[in-house]
Chemist: 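My questions will all concern the structure given below.
Throughout, a chain's letter reflects where its sequence line sits, starting with A, and its residues are numbered from 1. Computed over heavy atoms, backbone and side chain alike; hydrogens, waters and symmetry mates excluded.
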Number of protein chains: 2
Amino acid sequence: MANSGKKKATIYDLSVLSGSSPSTVSAVLNGTWRKRRIKESTAELIRSLAETHQYTANRQARGLRSSRSGLVGLLLPVHDNRYFSSLAQTFEAHVRSKGQCPIVVSASRDPEEERKTAETLISYSIDELFICGATDPDGVHEVCEAAGLKHINIDLPGTKVPSVISDNFEGGRLLTEAIIRHFPTDRPLQPRDLYLFGGRNDHASHERIRGFRAVKKELLRDDPDECIQPTGYAANNARKAFDAFYSRHGKLPRGLFVNSSINFEGLLRFMAEHPHDNFTDLVVGCYDYDPFASFLPFPVIMIRQNVEGMIAKAFEVIEQPRAAPRIHLVEPELVPPRTALTGPLDALKDIDLPRGRP
Amino acid sequence: MANSGKKKATIYDLSVLSGSSPSTVSAVLNGTWRKRRIKESTAELIRSLAETHQYTANRQARGLRSSRSGLVGLLLPVHDNRYFSSLAQTFEAHVRSKGQCPIVVSASRDPEEERKTAETLISYSIDELFICGATDPDGVHEVCEAAGLKHINIDLPGTKVPSVISDNFEGGRLLTEAIIRHFPTDRPLQPRDLYLFGGRNDHASHERIRGFRAVKKELLRDDPDECIQPTGYAANNARKAFDAFYSRHGKLPRGLFVNSSINFEGLLRFMAEHPHDNFTDLVVGCYDYDPFASFLPFPVIMIRQNVEGMIAKAFEVIEQPRAAPRIHLVEPELVPPRTALTGPLDALKDIDLPRGRP
DNA sequence: AGTCTCTGCACCATCGATTGTGCAAACAAG
DNA sequence: CTTGTTTGCACAATCGATGGTGCAGAGACT
C-alpha cells in the first residue's frame with residue numbers, strides 16, 4: 001500500500017508539476033496541442049511527467065464535458081451461444097481497432113429489457129449502439145432516437161434505421177435443399193418426413209420458413225402446414241416438441257430443419273432421453289454453425305452466418321449520416337457435415353508450439 | 001425528429017419546471033431526499049415531472065462526482081467459447097440483479113492487453129473488476145491496486161488477492177480415471193495409449209496435468225513424459241500436434257485428455273482431414289463441457305466447471321473488506337458421454353409453446 | 001415579545017477534462 | 001521607435017450530479 005492509496009493523477013497534478021496550466025496539460029495529452037500552438041518542449045515535458053506518474057485521463061470527466069464516452073454498445077439476446085459469442089468477439093475486435101471500448105450486454109430477447117438496457121447504456125453516453133437480434137428493434141430505436149444516439153440493427157431488422165442481416169430466405173432454401181438432397185434417391189424424403197422446429201414470430205424465422213416451404217414445394221411437391229413448428233428459442237420448448245412428435249409417431253421425422261443451435265440443444269436433450277434409438281436415418285439441417293454439432297453421429301448440415309461480413313457492413317453503414325432504413329443482406333454459407341471451420345479466435349496469437357513437435 | 005433532437009432532461013431542467021433547486025431535484029431522484037427533509041409533496045411533484053420528461057440521470061456526471069460508475073467489469077480471455085460465454089451470461093445476471101451494469105471485455109490471453117484493458121476499464125471508474133482466466137493476474141492486480149479498485153481472480157489464480165477457481169487437480173483426476181475406466185477390461189489402456197493435449201504454462205493446466213499423471217501412475221502404473229503435450233490454447237496448434245502424432249504413429253492415441261474445448265476444435269480439424277479413419281477405439285476426455293461435443297460419435301467424457309458456483313462465490317468474496325489472497329476451490333462435475341445439461345439460458349423465459357402441442 | 005427548535009429547502013463548491021477567448025511577450029516590418 | 005503579427009500559453013466557463021452548509025420561516029415554549 002506504499003503509494004497505492006494515492007488517487008490517480010489528474011491534469012491538475014501535472015499542471016502543478018510542470019508549471020503549466022491545466023488546459024495546456026489537457027491539450028498536450030489529448031493531442032490537440034499543435035492546434036493550440038504549444039511548444040514542442042513544453043509538450044515533451046508534460047508527456048514525460050504523464051508517463052512517470054502513470055497518468056490516464058478520467059473518461060467520465062472527459063465524457064461529461066464532450067458528451068461522448070468512447071463506449072460502443074452491442075445489445076445481444078444472449079451470450080451463451082456460438083453465434084452470438086462470435087458476434088461479440090468480432091464486434092470487440094472492430095471497436096478496439098477504432099480505439100474505443102466495447103460494451104456487450106444481453107437482454108434475453110425481452111422487449112422491455114431491451115429498452116431498459118438501451119436506456120442504461122445511453123445514460124453512460126455511449127457513442128453508438130449495435131442492436132443485435134432484438135425482439136423489438138423499433139422499440140429500442142425510439143429510446144435511441146430520443147437520446148440522439150446513432151444505432152443500427154443486426155441479425156433482426158427494424159424499420160426505422162438500416163439493418164444488416166443474413167439472407168435468411170436464401171439460407172433457408174440452401175439448407176432445405178441440402179437436407180433433401182442428402183437422402184438417397186432410392187429412399188427419397190416425403191413431404192411429411194421433413195419438419196421445421198424452433199424459431200419464433202420474427203423476421204429471420206419467417207424468412208427461413210418461407211425458404212423452407214418454397215423448396216419443399218419445389219422439390220417435394222408438397223408443403224403441409226403441420227411440418228412447421230416454431231416452438232420458440234428455448235432448448236426445452238424444442239425438446240418438448242420433439243417429445244410430442246415422438247410420442248405421436250413413435251419416431252422423429254427423417255429430415256429436420258432446426259431453426260437455431262439453441263433449439264438443437266433441445267434435440268440433444270430429447271436424444272439423451274432416448275439413448276436406445278439410433279438415429280441412423282436422420283438428417284439435420286441447422287441454422288448457426290457450431291463446430292461440435294457439425295461432427296455429430298448423424299449428418300448435420302449447417303448454415304454459418306457471415307459474422308465478420310455483417311459486423312464490417314454494420315460499421316460501414318452506421319457511419320453514413322442519414323442512411324435510409326433499408327435492409328442490407330449478407331449471404332450466409334452452407335456448411336456440409338463434418339466440417340471444422342476457423343473462427344474469430346484463430347486471429348489471436350497463441351504460444352509458439354512450445355514442444356508440439358520435438 | 002419532432003422532439004428527438006432535444007437533449008436529455010437534466011436536473012436543471014426539472015429544477016426550473018418544478019421551481020425547486022437542482023440539489024432538491026437531485027436528492028429526490030437519487031433517493032436521499034428524506035435525509036434532506038424534502039416535503040413529500042415536493043418530491044411527488046418532481047418525480048412526476050421526471051416521469052413525464054423521461055429523465056434519466058447522466059451517469060458520467062454522477063460518476064465523476066461520486067467516483068463510482070455503477071459499472072462492474074469482467075475481463076475474459078475470449079468470448080467465443082461455451083465456458084467463457086456461460087461465465088459472461090451468469091456474471092451479467094448477477095451484476096444486473098444488484099442494479100449495476102456489467103461490462104464484459106476480452107483480452108486474448110495477452111498479459112500486455114490484459115493490463116491495458118484493465119487500465120481502460122479503470123479510466124471509466126468501474127466499481128469492481130472480475131479477472132477471469134488471465135494469463136498474468138498479478139500484472140492486472142498491480143494496475144487495479146494502483147487505482148484502488150476492488151478485484152478478484154476467477155478461473156486462474158493470482159497471488160495478491162483472493163481467487164475462485166475450479167479444483168483442477170480433482171477434475172483432472174476424475175476425467176483421467178473416467179477415460180481409463182471407459183475401456184473394456186479385456187483391452188485395457190496402456191500407459192502410452194493415453195495422451196494429454198493442450199493447455200499451457202498456467203495453474204489450471206499444471207493442476208490438470210498433475211491429476212492426469214497421478215491417476216495414470218495409480219491405475220496404469222506408468223506415466224511417460226511424452227504423453228504430456230501442452231500445445232497452448234489455439235485450435236490450430238492442437239491440430240498440428242495431432243497431425244504430428246498421427247504421421248509418426250499412423251493413428252491417434254486410444255485415449256485423449258484434451259485440455260480445453262478450443263483444443264478439442266483442433267481435434268475436429270484433424271478429423272475433418274482424415275474422414276476415412278473411423279475413430280472407433282477412441283475415448284476423449286475434455287475440459288469444459290459443451291453440449292454438442294458430448295454427443296460426438298465417439299465417447300466424450302467432459303468436465304463441467306461450476307460456473308454459477310464460481311461466480312456466486314466470487315461475488316461473495318469480493319465484498320469482504322480485506323480478504324486474504326487465498327484460493328477458493330469449487331468442485332467441477334464429471335459429465336458422462338451423451339449428456340445434455342441445462343445452462344444459464346434455461347433461466348430465461350421464452351414464448352409459451354405457441355403450438356408445440358395442439 | 002423573545003428565544004429555541006424544527007422544517008424545508010437553496011446555495012455553492014466539487015469531481016476532471018475540454019475549449020473558446022484573451023493577452024502578454026517576442027519578433028518582424030516600416 | 002511604433003505598429004502589426006505571431007507565438008505560447010493562461011483563464012474561466014462548462015458538462016450534470018452530489019452533498020456539506022447555511023438560513024429563512026413556522027411553531028413551541030417561557
Chemist: Between B:Q89, B:H94, B:R96, which is the residue that forms a side-chain hydrogen bond (donor to acceptor under 3.5 Å, both in side chains) with B:E92?
Modeler: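 Only one option passes, and that is B:R96.
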Chemist: Take atom CG of B:N30 and atom P of D:dG19, then tell me their distance rounded to the nearest Å.
Modeler: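 Distance check: B:N30 CG to D:dG19 P gives 6 Å.
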Chemist: Select one nucleotide: of D:dC9, D:dG16, D:dG19, the one nearest the side-chain heavy atoms of B:Y12.
Modeler: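 It is D:dG16.
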Chemist: Of the nucleotides D:dA12, C:dA17, D:dA17, which has the atom closest to the A:N58 side chain?
Modeler: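 The closest nucleotide is C:dA17.
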Chemist: May I ask you to verify if any side-chain N or O of A:S67 is less than 4.0 angstrom from the OP1 or OP2 atom of D:dC15?
Modeler: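 No.
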Chemist: As a test of reading the structure: which of D:dC15, C:dA10, D:dG16 is closest to the side chain of B:S23, going by heavy atoms?
Modeler: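 The answer is C:dA10.
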Chemist: Give, ordered by number, those residues of residues 31-45 of chain B having at least one heavy-atom distance below 4.0 Å to an atom of DNA chain C; if nothing qualifies, reply none.
Modeler: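 Only B:R36, B:R37, B:I38, B:K39, B:T42 qualify.
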Chemist: Check whether the side chain of A:R65 and the base of D:dT14 form a donor-acceptor pair under 3.5 Å.
Modeler: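 Side chain to base: pair found, below 3.5 Å.
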Chemist: Consider the side chain of A:A61, meaning its heavy atoms from C-beta on, and name the nucleotide among D:dA17, C:dA17, D:dA10 that approaches it most closely.
Modeler: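 Of the options given, the side chain of A:A61 lies nearest C:dA17.
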Chemist: To the nearest Å, how far apart are A:I11 CD1 and D:dC11 P?
Modeler: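 Going from CD1 in A:I11 over to P in D:dC11 covers 13 Å.
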Chemist: Take atom OH of B:Y124 and atom C1' of C:dA17, then tell me their distance rounded to the nearest Å.
Modeler: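 Going from B:Y124 (OH) to C:dA17 (C1'), I get 14 Å.
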Chemist: Are more than 12 heavy atoms, taken from residues, nucleotides or ligands other than A:E51, located less than 6.0 Å from that residue's CD atom?
Modeler: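 Counting neighbours around CD of A:E51, 12 or fewer heavy atoms of other residues, nucleotides or ligands fall under 6.0 Å, so no.
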Chemist: Just checking B:F130 against B:F315, ring centres under 6.0 Å apart?
Modeler: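 Between B:F315 and B:F130, which both carry aromatic rings, the centre distance is below 6.0 Å.
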Chemist: Expressed in angstrom and rounded to an integer, what is the separation of A:R68 atom CZ from C:dT18 atom C1'?
Modeler: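 After rounding, the gap between these two atoms is 13 Å.
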Chemist: For A:P22, does its backbone N or O pair with a side-chain atom of A:S26 as donor and acceptor, under 3.5 Å?
Modeler: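 Judged by distance alone, no pair lies under 3.5 Å.
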Chemist: Rounded to the nearest Å, what distance is computed from the CG atom of residue B:L64 to the P atom of nucleotide D:dG19?
Modeler: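 Those two atoms, CG and P, are 13 Å apart.
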Chemist: Tell me which nucleotide among D:dC9, C:dA10, D:dA17 gets nearest to the side chain of B:A57.
Modeler: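 Side chain of B:A57 sits closest to D:dA17.
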Chemist: Specify the separation, in whole Å, of atom CD1 of A:I46 and atom P of C:dT18.
Modeler: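 Result: 13 Å.
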Chemist: For the residue pair B:Q60 and A:S69, confirm or rule out a side-chain donor-acceptor distance under 3.5 Å.
Modeler: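 No, A:S69 and B:Q60 have no side-chain donor paired with an acceptor closer than 3.5 Å.
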Chemist: Hey, which sits more toward the 5' end of DNA chain C by its nearest nucleotide, A:A27 or B:S21?
Modeler: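 Closer to the 5' end of DNA chain C: B:S21.
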Chemist: Which part of the nucleic acid, if any, lies within reach of B:S66 when heavy atoms closer than 4.0 Å are counted: base, sugar-phosphate only, or nothing?
Modeler: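 No contact.
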Chemist: Take B:K116 and B:E119, measure what salt bridge (Lys or Arg N to Asp or Glu O under 4.0 Å) needs, and give me the verdict at the end.
Modeler: CA-CA 5 Å; B:K116 277 193 179 167; B:E119 281 286 13; over 6 Å; no
Chemist: Please work out if B:S26 contacts a base, only the sugar-phosphate, or nothing of the nucleic acid, heavy-atom cut-off 4.0 Å.
Modeler: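 Counting heavy atoms under 4.0 Å across all strands, the contact made by B:S26 includes a base.
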Chemist: Looking at residues at least two apart in the chain, or sitting in another chain, which of them share a salt bridge (charged side-chain N to carboxylate O under 4.0 Å, His left out) with B:D138?
Modeler: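 Salt bridge (charged side-chain N to carboxylate O under 4.0 Å, His left out) check on B:D138 returns nothing, list empty.
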Chemist: Could you tell me how far apart A:R59 (CZ) and D:dG16 (C1') are, to the nearest whole angstrom?
Modeler: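 From A:R59 CZ to D:dG16 C1': 20 Å.
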